[in-house]
Participant: 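To start, I am sharing the structure in question, which I have written as structure tokens.
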Amino acid sequence: MITTDKYNPHELEPRWQQYWEEIGLLKATEGKGGKKAYILVMFPYPSGDLHMGHLKNYTMGDALARFRVQQGYSVLHPFGWDAFGLPAENAALKFGVSPADWTFSNIRQSKESLALMGIRYDWSREVTTCLPEYYKWNQWIFLKMYERGLVYRKKSLVNWDPVEQSVLANEQVIDGRGWRSGALVEKRELEQWYLKITDYAERLLNDLDKLPRWPEKVKAMQRAWIGKSTGAEFDFQVKGHDLKIRVFSTRPDTIFGATFMVLAPEHELVPLITTPEQKAAVEAYVAAARMKSEVERQMEDREKTGVFTGAYAINPASGKEIPIWVADYVLAGYGTGAIMAVPGQDERDWEFAEKFGLEIIRTVEPPAGWQGKAYTEDGPAINSGFLNGLYVEEAKKKIIAWMEEKGIGQGKVNYRLRDWLISRQRYWGTPIPMIHCDSCGIVPVPYEELPVVLPTLKDVEDIRPKGKSPLAAHPEFYECTCPRCGGKARRDTDTMDTFFDSSWYFLRYTDAQNPQAPFDPEKANFWMPVDQYIGGIEHAILHLLYSRFFTKFLHDLGLVEAEEPFEGLFTQGMVMGWTNVGEVEVREGRIYFLDDARRSKLELEQGLTLEEAQKSGAELREEGGKTYFWKPAVMSKSLGNGVMVGPFVREQGADIARVTILFAAPPENEMIWTEEGVQGAWRYLNRVYRLVAEQRAELKAQPELLEPARLEGAHKALYQKLHQTIQKVTEDLEALRFNTAIAALMELLNALNDYRKAEGVTPVFREAVLRYIQMLAPFAPHLAEELWHEFYEGSVFHAPWPKVDEAALVADSFELVVQVNGKLRGKATVSTQASEEEIKRIARTLPNVQQHIAGKEVLKEIYVPGKLLNIVVKG
RNA sequence: GCCGGGAUGGCGGAAUGGUAGACGCUACGGACUUAAAAUCCGUUGCCCGCAAGGGCGUGUGGGUUCGAGUCCCAUUCCCGGCACCA
């Protein structure tokens, strides 16, 4: 009910939020027949009060979900919390509260912010990963994977984050630093739990082709991460030893040019083959390599280093003796950790050979006049015995057949993807459901004993990271009996990587409260796959790859039909806010920061020129006689540039915030939150409100529009504009183009205002206003609901989405564009019935057209019906 | 270096090979007001012109086409990812 002539969001918004609660809007039910829409936003780490940066993807998801409800779909739009993880532990240590209390208090606050924005979820399906009701099923899945041979324990060099005091997966190390802590990662040799994601490498790679609604960028990143390469694996005999060195190569065809071999420093044969004379040098080199962090190895200008072992291998193709070196440009973790070096065809090997004076033999003929060093392209084989003359592909086939015949090797596919290390030496995570028994070895916890509950640690000090699992200090947790022999045994005290939790939560939503199973396959099959997943690009590899892996595994278990979890993926751009970086001083055209602490934090260089500053989007603002450096930066708690939901909604309104976010820029681009943008949203919604409020008595007095076909003139034009807009808004919403959908609505609003001024309130006006309200609903649901209730009892979301009247799109006249030689020279309004001859005649009556064709020979005329006529003249 | 994406007014950005700049913001002018805010109306790519109109214009250089922001070739720059993976 419109209660005032003034648009008053904070009066009307709570009323409708309560109403939606009462009618159970967006409560998901598995419908029969009809279409389903599973709209999912990436669940967040519960961080407390939310700012507009957090809310962009939730607003997008909510608008899409509401649109699908209006279209009559069965809609699943759930929400939950990725609640395990480090920040809760850190907060616990900082404030002395338990991780659980801190987490649940944050969840409460976040929920309030979401409700204030009118973002609705089916909360009966809420998932919170730190609850035993959820993580029990993490453990269940882990055990199923163990049964299927996808879980194993391995001792190896792992990434150790000295700040987190825990190991990390390869995916979590970026540029040699922990993805969260930013600390330089160290190498430690530890025995840890791994998931065999590599078993799924081929499927994870191939099925990317089945995802047309994923951004190309994300697919490219995953392809690169999986890193498939095809070649061969084969042996080199070590001279004077009964030992073989196995190598992987994508270019087995170049084997005749293998003039030396290189082993990774960690390679197990290094100590066995090193000669006494070289022992000291090799040991020193290996020790030094072990000390170096990933970053150091990458940083050193890639200047090749290495040391000769003193040993020789026999090249099986040429029969030559070739020296075996140790060098850290060969990585222990890839392939076999050893290579045959072919300097003639490999740039890295060339560089190494040049530096250490090793022999270089070309085995592929470079093109005439080749000035370069290693030649890596295609060409005929030379110096290669029975391969001579063959081009690369042919030579590869032949040499692999030869290797297989001789029993020294075979064709082989390698992946860069490594198995997923999931053990973490942390407290706030899912306990790994394994038992170590002195007599039986490793024994899985029986299913009926799940969950292995994470104990509540009373003393905050107990969870402080100490380099080993906090649970290892708690006998009441780890002491147990072996399920197999009944003897004394010890629980595994590590917890799971939290990415395990988020790898299947979207399946739990389909049946969130099931106490018997992770989910009911029937329910999962109704909702899966997710039709639209919305989240940040930062998860392009980690979360999205792991989720695909889990879905395939659960598919293989027969629990879900879908083999891919996310049919459509949308990566939204970030929300930026204007940020005061600090006080500056301008001297001689350069900007100097006065506050060094703040400067280093944002890594802004001193002595920036004004042009540089401007180019980077920064601004200098004067305030109280001082100059400050402002620039847009990603909204975040630490920068203090976040526009907080609570205060904003109380002062301005939720619908205004929603329209500001959705209209400011295409959703995949970053947007800058500005006061001007908010003003624009306010003005727009206010104009919509007044359009209805000021005319409400007259609008209600209008009869329903019954015969659109009989409309003429301005009435017909408005009706046509309405249906063009319905078409545009519908298409744009399907494709998540919220900005252009809103622009189309603004256009229609302008048309409505113009029409009313000229024609007054009429049945077609009433019709257009009602459809308008419906189309506004996904974006500004509170206002739309308010206006709708002026006319109807039920919710606007339960009224069927407006349908395009195709007949209305057919106009009876159009604006003919007349070009001469492709240049616009005139326009005329003509009937759609007009014949081509008539059109050509009318075009020639336009004075400006006459002027440009006068006295010239017409070569041809291009006529595009309903659009344009291009008269081509000579000269 | 390789891969992905991009370059359009003062700004965010629109444009199935067919009127470039929709929509919004900013700025300017006007109305209302004692005044301001809010609101409403108008102008707003650049150049020439009193005007009618004309010329130029989508990073740059070519090409295809009656017609190119859009397609093709080359090139520059920007953003993002990967980077000794044999």
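Each chain gets a letter, A, B and so on, in the order its sequence line appears, and its residues count up from 1. Note that these values count all heavy atoms, side chains included, but never hydrogens, waters or copies made by symmetry.
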Participant: Output one letter per nucleotide in nucleotides 11-25 of chain B: B when a protein non-hydrogen atom lies under 4.0 Å from the base, S when only the sugar-phosphate is that close, - when neither is.
Facilitator: -BSS-B-BB--BBSS
Participant: Which pairs of donor and acceptor atoms, one on a side chain in residues 333-342 of chain A, lie under 3.5 Å apart (sequence neighbours left out)?
Facilitator:
residue: A:Y334; atom: OH; partner: A:S229; partner atom: OG; Å: 2.8
residue: A:T336; atom: OG1; partner: A:R246; partner atom: O; Å: 2.6
residue: A:T336; atom: OG1; partner: A:A338; partner atom: N; Å: 3.4
residue: A:T336; atom: OG1; partner: A:A338; partner atom: O; Å: 3.2

Participant: Partner of B:rC2 by Watson-Crick or G-U wobble geometry, both contacts under 3.5 Å, or none?
Facilitator: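 When the pairing criteria are applied, B:rG81 turns out to be the nucleotide that pairs with B:rC2.
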Participant: Look at the side chain of A:A220 and decide which nucleotide, out of B:rC41, B:rC3, B:rA86, has an atom nearest to it.
Facilitator: B:rC3
Participant: Is a donor-acceptor contact shorter than 3.5 angstrom present between the side chain of A:K304 and the base of B:rC84?
Facilitator: yes
Participant: Rounded to the nearest angstrom, tell me the gap between atom CG in A:L208 and atom P in B:rC3.
Facilitator: 18 Å
Participant: Which nucleotide, if any, forms a Watson-Crick or G-U wobble pair with B:rC25, using both distances under 3.5 Å?
Facilitator: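 Paired with B:rG10.
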Participant: Taking only N and O in the side chain of A:H852, is any of them less than 4.0 Å away from OP1 or OP2 of B:rG53?
Facilitator: no
Participant: Quick check on B:rA38: is either OP1 or OP2 less than 4.0 Å from any side-chain nitrogen or oxygen of A:N686?
Facilitator: no
Participant: Is atom CD of A:E347 surrounded by more than 12 heavy atoms (other residues, nucleotides or ligands) closer than 6.0 Å?
Facilitator: no
Participant: Is there a side-chain polar atom (N or O) of A:K860 under 4.0 Å from OP1 or OP2 of B:rC66?
Facilitator: yes
Participant: With sequence neighbours left out, write down each residue that passes salt bridge (Lys or Arg N to Asp or Glu O under 4.0 Å) with A:D349, or none if nothing qualifies.
Facilitator: none
Participant: Return the CG to CZ distance between A:D732 and A:R737, rounded to the nearest 0.5 Å.
Facilitator: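 A:D732 CG to A:R737 CZ: 4.5 Å, rounded to 0.5 Å.
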Participant: Within this structure, what is the NE2-to-P distance between A:H539 and B:rG81, rounded to whole angstrom?
Facilitator: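 Computing the A:H539:NE2 to B:rG81:P distance gives 15 Å.
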Participant: Would you say A:R825 places a side-chain N or O within less than 4.0 Å of OP1 or OP2 belonging to B:rG53?
Facilitator: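 No.
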Participant: Answer with yes or no after comparing the ring centroid distance for A:F663 and A:F738 against a 6.0 Å cut-off, counting only values under it.
Facilitator: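 A:F663 vs A:F738: aromatic centres not under 6.0 Å.
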Participant: Once you round it to whole Å, what is the distance between C1' of B:rA86 and CD1 of A:I399?
Facilitator: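 Distance check: A:I399 CD1 to B:rA86 C1' gives 17 Å.
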Participant: Parallel under 30°, tilted from 30 to 60°, perpendicular over 60°: which one fits the rings of A:F356 and A:W325?
Facilitator: tilted
